[in-house]
Amino acid sequence: MASAFTVLRRLYLSVYNWIVFIGWFQVLFLALKTLKESGHEQLYNAVEKPLLLAQSAAVLEILHGLIGLVRSPVSSTLPQIGSRLYLTWGILWSFPEIRTHVLVTSLVISWAITEIIRYSFFGMKEAFGFAPSWHLWLRYSTFLVLYPTGISSEVGLIYFTLPYIKASEKYCIRMPNKWNFSFDYLYAAILALGIYVPGSPHMYRYMLGQRKRALSKSKKE
């Protein structure tokens with residue numbers, strides 16, 4: 001029974017990782033093609049559909065951690081996925097005015113390269129039980145550059161969206177109402193920016209620790 005569950009688990013995770021890999025590969029391909037042919041202003045429109053699907057699929061990773069399909073702690077998975085979903089849906093999808101900003105380009109390319117490497121790495125591990133040493137190195141080294149570029153783009157896009165959030169009052173709940181509750185999306189966005197200040201260095205240190213453990217283990221093997 002246990003072996004049957006293991007086979008099903010590996011099959012499911014392999015299919016999941018390779019499907020999402022294809023989604024991110026499409027995002028990167030369309031992004032680079034659009035940059036070459038039309039410029040960064042048209043990049044978001046070109047990648048919107050695969051970006052929304054590929055990024056939203058990451059929600060399943062939280063479920064995977066909760067039910068024990070993977071060993072990744074939910075405490076580290078949740079903030080990473082949460083911040084990306086917020087940028088994808090709460091900023092880019094919600095405020096079209098920001099979509100032509102050049103930071104969308106650095107954001108999408110940083111995310112896409114990171115996820116192409118990550119999902120193909122875990123897809124290899126689940127499908128074949130191993131990944132090549134160069135793939136392991138890429139998985140645990142490219143973040144050294146791509147995490148700062150991605151985080152800087154995220155913070156910049158939230159900041160530059162603040163005037164549009166304020167002007168539109170989208171997602172705001174004003175008093176009086178039947179719930180006797182108020183919510184200001186502008187303050188929520190400012191709070192999100194504040195969370196990046198301690199959160200980003202913490203996650204970077206966490207990933208440095210992961211890199212050290214993974215590469216040390218690889219050398220011993």
Asker: In chain order, what residues pass the side chain to side chain donor-acceptor pair (under 3.5 Å) check against Thr149, with sequence neighbours excluded?
Answerer: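 For Thr149 the side chain to side chain donor-acceptor pair (under 3.5 Å) partners, ignoring immediate neighbours, are Ser110.
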Asker: Identify the heavy atoms of Ile91 and Leu157 that sit nearest to each other, and give their distance.
Answerer: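 Closest pair (atom of Ile91, atom of Leu157, distance): CG2-O, 4.3 Å.
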Asker: Is there a chain of hydrophobic side chains (I, L, V, M, F, W, Y, each step under 4.5 Å between heavy atoms) that links Val197 to Val155?
Answerer: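 In one cluster with Val197: Val155, no.
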Asker: Is there a path of hydrophobic side-chain contacts, each under 4.5 Å between heavy atoms of I, L, V, M, F, W or Y residues, that connects Leu53 with Phe25?
Answerer: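 As far as the 4.5 Å side-chain criterion goes, Phe25 and Leu53 are not connected within one cluster.
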Asker: Quick check for you: to the nearest 0.5 Å, what is the distance between Gln42 atom CD and Glu37 atom CD?
Answerer: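 The distance works out to 11.5 Å.
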Asker: Taking only residues at least two apart or on different chains, which pairs with a member in residues 177-191 satisfy side-chain hydrogen bond (donor to acceptor under 3.5 Å, both in side chains)?
Answerer: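 Sorted pair list: Arg174-Asp184.
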Asker: Looking at residues at least two apart in the chain, or sitting in another chain, which of them share a side chain to side chain donor-acceptor pair (under 3.5 Å) with Glu48?
Answerer: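 Tyr44.
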Asker: Quick one: name the residues clustered hydrophobically with Leu11, using the 4.5 Å side-chain heavy-atom rule over I, L, V, M, F, W, Y, and just say none if it's on its own.
Answerer: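 Result for Leu11 is Val15, Ile19.
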Asker: Heavy-atom distance under 4.5 Å between the side chains of Val20 and Leu60, does that happen here?
Answerer: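 When only atoms from C-beta onward are counted, Leu60 and Val20 do not touch, as no gap falls below 4.5 Å.
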Asker: Roughly how far apart are Leu186 CG and Tyr164 OH, rounded to 0.5 Å?
Answerer: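 Rounded to the nearest 0.5 Å, the CG-OH separation comes out at 14.0 Å.
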Asker: If you link I, L, V, M, F, W and Y whenever their side-chain heavy atoms are under 4.5 Å apart, who else ends up in the same group as Ile195?
Answerer: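 Reading the cluster by chain and number, Ile195 sits alongside Leu191.
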Asker: Determine, using the 4.5 Å side-chain heavy-atom cutoff (strictly less than), whether Tyr171 and Phe181 are members of one ILVMFWY cluster.
Answerer: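 Yes, Tyr171 connects to Phe181 through the hydrophobic network.
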Asker: How long is the straight-line distance from CZ of Arg84 back to CD of Glu154, given to the nearest 0.5 Å?
Answerer: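 Atom-to-atom, Glu154:CD and Arg84:CZ are 6.5 Å apart.
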Asker: List in chain and number order the residues that pass side chain to side chain contact (heavy atoms under 4.5 Å, CB included) with Ala127, two or more places apart in sequence or in another chain; answer none if no residue qualifies.
Answerer: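 Partners of Ala127 under the side chain to side chain contact (heavy atoms under 4.5 Å, CB included) test: Ser14, Trp18.
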Asker: Enumerate the residue pairs fulfilling ring pair (Phe, Tyr, Trp, His ring centres under 6.0 Å) with a member in residues 62-109, sequence neighbours excluded, ordered by first and then second residue.
Answerer: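 Checked against ring pair (Phe, Tyr, Trp, His ring centres under 6.0 Å) - neighbours excluded - the pairs reaching residues 62-109 are Tyr12-His64, Tyr16-His64, Trp89-Trp93, His101-Phe160.
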Asker: Indicate yes or no: at least one non-hydrogen side-chain atom of Ile158 is less than 4.5 angstrom from one of Tyr196.
Answerer: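 Counting from C-beta outward, Ile158 and Tyr196 do come under 4.5 Å.
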Asker: Can you list, pair by pair, the side-chain donor-acceptor contacts under 3.5 Å of residues 137-148, counting residues two or more places apart and other chains?
Answerer:
from, atom 1, to, atom 2, distance (Å)
Trp137, NE1, Ser141, OG, 3.4
Ser141, OG, Trp137, O, 2.8
Ser141, OG, Arg211, NE, 3.2
Ser141, OG, Arg211, NH2, 3.2
Thr142, OG1, Leu138, O, 2.8
Tyr147, OH, Ser200, O, 3.4

Asker: If you look at every heavy atom in Ala214 and Leu136, which pair is closest and at what distance?
Answerer: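 Of all heavy-atom pairs spanning Ala214 and Leu136, the closest is O-CD2, 4.1 Å.
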Asker: Could you state whether Ile67 and Phe5 fall into the same hydrophobic cluster, counting links through intermediate Ile, Leu, Val, Met, Phe, Trp or Tyr residues with side-chain heavy atoms under 4.5 angstrom apart?
Answerer: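 Yes; Phe5 is reachable from Ile67 via cluster members.
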Asker: My understanding is that only one of Phe122, Phe130, Tyr119, Phe121 makes a ring pair (Phe, Tyr, Trp, His ring centres under 6.0 Å) with His135; could you say which?
Answerer: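 Only one of Phe122, Phe130, Tyr119, Phe121 forms a ring pair (Phe, Tyr, Trp, His ring centres under 6.0 Å) with His135, namely Phe121.
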Asker: Minimum heavy-atom separation for Arg10 and Gly129, please, with both atom names.
Answerer: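 Closest approach of Arg10 to Gly129: NH2-N, 3.2 Å.
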Asker: Side chains of Leu63 and Val59: closer than 4.5 Å at any heavy-atom pair?
Answerer: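 Sidechains of Val59 and Leu63: no contact.
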Asker: Applying side chain to side chain donor-acceptor pair (under 3.5 Å), name anything that partners Ser106, two or more places apart in sequence or on another chain.
Answerer: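 So Ser106 forms a side chain to side chain donor-acceptor pair (under 3.5 Å) with Ser153.
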Asker: Could you grab the distance from atom OG1 of Thr77 to atom CD1 of Ile62, nearest 0.5 Å is fine?
Answerer: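 Spacing of OG1 (Thr77) from CD1 (Ile62) equals 7.5 Å.
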Asker: Kindly give the heavy-atom pair with the smallest separation between Thr88 and Leu52, and that separation in Å.
Answerer: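 In this case the closest contact between Thr88 and Leu52 is CG2-CD2, 3.4 Å.
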Asker: Listed by chain and number, what are the side chain to side chain donor-acceptor pair (under 3.5 Å) partners of Trp24, not counting sequence neighbours?
Answerer: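 Partners of Trp24 under the side chain to side chain donor-acceptor pair (under 3.5 Å) test: none.
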Asker: Measuring from Leu69:CG to Leu8:CG, what's the distance to the nearest 0.5 Å?
Answerer: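 Nearest 0.5 Å value for the CG-CG distance: 10.5 Å.
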Asker: Could you give the distance from NZ (Lys170) to CD1 (Ile165), rounded to the nearest 0.5 Å?
Answerer: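 Rounded to the nearest 0.5 Å, the NZ-CD1 separation comes to 10.0 Å.
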Asker: Spell out, yes or no, whether Val47 and Val102 are grouped together once hydrophobic residues are joined by side-chain heavy atoms under 4.5 Å, including indirect joins.
Answerer: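 No, no single cluster joins them.
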Asker: According to side chain to side chain contact (heavy atoms under 4.5 Å, CB included), who are the partners of Pro73, at least two apart in sequence or on a separate chain?
Answerer: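 Partners of Pro73 by the side chain to side chain contact (heavy atoms under 4.5 Å, CB included) criterion, ordered by chain and then number, come out as Ser75, Ser76, Tyr206.
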Asker: Applying ring pair (Phe, Tyr, Trp, His ring centres under 6.0 Å), can you list everything that pairs with His202, at least two apart in sequence or on another chain?
Answerer: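 Counting only residues at least two positions away or on another chain, His202 forms no ring pair (Phe, Tyr, Trp, His ring centres under 6.0 Å).
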Asker: What are the two closest heavy atoms between Leu85 and Ser56, and how far apart are they?
Answerer: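 Taking Leu85 first and Ser56 second, the nearest heavy atoms are CD2-CA, 3.9 Å.
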Asker: Nearest heavy-atom pair of Val74 and Gly65: which atoms, and what distance?
Answerer: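 What the structure gives for the nearest pair is CG2-C, 3.8 Å.
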Asker: Decide if atom CZ of Phe29 counts as having more than 12 heavy atoms of other residues, nucleotides or ligands within a radius under 6.0 Å.
Answerer: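 No - once you tally the heavy atoms of other residues, nucleotides and ligands closer than 6.0 Å, there are 12 at most.
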